[in-house]
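Here is the structure we will look at.
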Amino acid sequence: MCGIFGYVGKENNSSIGIEALKRLEYRGYDSCGIAVFNAVKKNIGVEKVAGRISELEKKIAVKGIKGSAMIGHSRWATHGGPTVKNAHPHWDCHKDIHLVHNGIIENYKQIKDRLSKKGHKFISETDTEVLCHLIEEYATGSNGSKSYTLEEAVRRALGHVRGTYGIAVISKSDPNKIVAARMSSPLLIGVNDGEYVIASDPAAVITHTNKVIYLEDGDIAVLTKSGFRIADLNRAAQKRVEQELDWDVEEAQKGGYPHFMLKEIFEQPESLQNSIRGRLIQDEGMARLGGLEPVKERIKSIERVNILGCGTAYHAGLIGEYMFEEYAGVPCEVDFSAEFRYRKPIIDKNTAAIFVSQSGETADTLGALREAKEKGALCLGIVNTVGSSIVRMTDAGVYNHAGPEIGVASTKAFTSQLVVLALLTLYLGRLRGMSYVLGERIAKEIAKLPELTKTVLKQDNHIKEIAEKYKGAKSFLFIGRKYNYPIALEGALKLKEISYIHAEGLSAGELKHGHIALIDKNVPTIAIATRDSVYEKMLSNIQEIKARGGPVIAITTKGNTKLADIVDDIIYVPKNLEMLSPILTVIPLQLFAYHVAALNGRDVDKPRNLAKSVTVE
Ligand code: F6R
């Protein structure tokens with residue numbers, strides 16, 4: 001999510017850090033900062049801004065901050081709004097230890113409470129700041145231990161932490177070095193003559209050197225200008241292989257993928273994990289949604305839910321409706337944000353209006369939010385971008401934590417919206433009488449999703465072959481029922497928006513009411529037919545299409561080999577709860593749309609006429 005960078009070496013110029021941060025800007029950012037150790041003055045100069053890297057650059061130039069060991073950060077907020085205080089680097093009570101972090105410290109509240117009681121002063125709302133104070137405890141010996149070196153203090157501090165991190169740390173009292181550590185957040189060392197860099201992303205390294213060493217989970221690295229060493233959390237020395245990157249900056253930003261969209265599709269196991277992390281209380285069959293705590297009592301008394309969103313976010317809302325009504329027993333309606341205000345919706349203080357948005361800035365959704373607020377509804381957000389307008393205007397909400405989405409076509413944000421809606425279903429359901437046994441089952445199935453998505457992604461080559469076969473078609477139909485009806489809509493939208501091929505998504509039951517007239521040998525249908533409560537009905541619809549000579553590509557549950565005899569092409573997804581199946585069935589459709597568009601030479605990441613965030617009505 002965030003980008004981190006560190007440099008130690010022969011140069012004495014903070015512009016190295018600024019240039020690196022600029023190359024990380026593509027990941028999305030809301031604030032940034034840099035800390036530079038100056039060996040002559042023996043101090044650390046810090047500058048942070050809630051804005052663009054170019055603003056940071058100007059400030060640094062004015063202050064003349066210079067030095068030969070530095071750490072920098074471009075932030076994409078998760079805990080705490082995008083303010084200067086929350087921007088990294090963060091520091092300890094003595095302004096000695098400075099640290100940048102990419103990841104999420106799940107148990108930061110407990111650590112913060114404990115350290116606050118001991119007198120530590122926190123100035124930000126971030127999870128990251130606790131790391132500085134934990135390291136301080138060991139570096140100064142203020143927790144009763146002896147004073148440790150920076151490396152050892154970092155190691156001991158990390159022993160208290162649950163979550164993910166890629167960190168880079170510098171200290172005035174243990175100068176001219178960077179200590180870096182990794183756990184489930186990418187981190188690599190760039191190796192050059194007399195200089196070493198550490199970064200979360202090859203894009204920040206590539207203009208210095210193409211020789212890189214990827215750190216592994218549990219690695220702690222110490223970098224000085226004369227070399228580096230890596231050891232694990234138990235102090236055992238580690239050897240990691242040096243690799244040569246033959247990427248340019250743009251390729252590096254895409255992580256070696258030809259397009260951001262493909263990269264983001266493949267990030268879904270990780271983005272789903274981030275959406276779920278710390279939110280499942282498996283043995284209680286419950287979800288922990290910290291953002292909703294302040295309104296928990298009001299949530300208990302709501303009588304109905306309205307979900308609002310546009311495009312892909314609207315499709316997520318449609319699936320949320322099925323989930324809420326089937327499992328949480330709460331009546332639910334879904335509207336296009338753009339229509340909501342024009343139909344005099346009947347809502348009041350017993351209504352929860354849920355606004356689903358990746359950007360948090362969509363003008364239509366903001367308009368619907370104003371309407372719901374005016375009518376006294378409890379307004380909740382499911383938003384990916386921390387600190388965005390929808391977040392600020394809603395009463396409470398749940399963040400997606402899917403990371404920045406750069407490709408215009410929404411992919412990982414969509415699956416994260418679905419998993420958050422599933423968590424919310426569990427939360428609402430358990431507050432409204434869902435049994436412990438059912439709650440536990442849902443929690444268990446949600447936890448499996450990141451692994452299951454990996455098995456779907458493994459079929460990329462097969463899906464590409466299917467795309468090759470059908471890439472010339474002029475029109476497609478997508479059909480599904482119940483939970484997978486909105487996936488038919490989403491599959492069609494994905495294909496339309498990036499390949500410019502006409503596609504229509506339908507409830508399979510609607511086919512015979514008119515649309516079936518479109519079927520012939522040139523109009524392929526993609527049928528989402530998982531083995532679930534509506535499978536037999538889907539099978540009949542598929543047969544109706546086949547009887548009229550239409551080619552059918554089916555997405556079905558692994559093991560359902562019989563369907564292969566009926567349809568033309570088949571893609572299997574693993575079995576999971578029916579309500580969670582859309583998270584698995586949408587991935588082949590994202591890949592199919594991507595490959596058809598790429599094979600037709602479309603500008604996948606920036607399709608014509610579209611913008612990533614639609615801020616006009
Ligand atoms: C489709 C897509 C759009 C957005 C819609 C809402 O791939 O990206 O349909 O889903 O414009 O945007 P957000 O979620 O930012 O409110």
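The structure displayed is predicted, hence computed values, not measured ones. Residue numbers start at 1 and run along the sequence shown. Read the numbers this way: they start at 1 and go in the same order the structure lists the ligands and their atoms. When reading the values below, keep in mind they use all heavy atoms of this one structure, side chains included, and skip hydrogens, waters and symmetry mates.
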> Just checking, Arg608 and Tyr500: is the charged tip under 6.0 Å from the six-membered ring centre and within 45° of the axis?
Replying inline: yes

NZ/NE/NH1/NH2 to OD/OE distance under 4.0 Å, [X] and [Y]:
X      : Y      : value
Lys375 : Glu371 : yes
Glu333 : Arg304 : yes
Lys412 : Glu264 : no

>> If the cut-off is 4.0 Å to any non-hydrogen atom of Gly311, which atoms of ligand 1 fall inside it?
In response: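 Checking each atom against Gly311, I get 9 (O).
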
>> Under 4.0 Å from a heavy atom of Ala313: which atoms of ligand 1 are those, numbered in the order shown and with their elements?
In response: 10 (O), 14 (O)

Minimum-distance protein heavy atom relative to [atom]:
atom                    : answer
atom 6 (C) of ligand 1  : Cys310 O, 3.4 Å
atom 14 (O) of ligand 1 : Gln358 N, 2.6 Å
atom 11 (O) of ligand 1 : Val614 CG2, 4.1 Å

> Between Tyr483 and Tyr322, what is the ring plane arrangement, given parallel below 30°, perpendicular above 60°, and tilted in between?
Replying inline: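 The rings of Tyr483 and Tyr322 sit tilted, inter-plane angle from 30° to 60°.
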
> Does any N or O atom in Glu497 lie less than 3.5 angstrom from one in ligand 1, N or O only?
Replying inline: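 Such a contact does occur with ligand 1.
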
> Out of curiosity, is Glu361 lining ligand 1, as in a heavy atom under 4.0 Å away?
Replying inline: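 No, Glu361 has no heavy atoms under 4.0 Å from ligand 1.
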
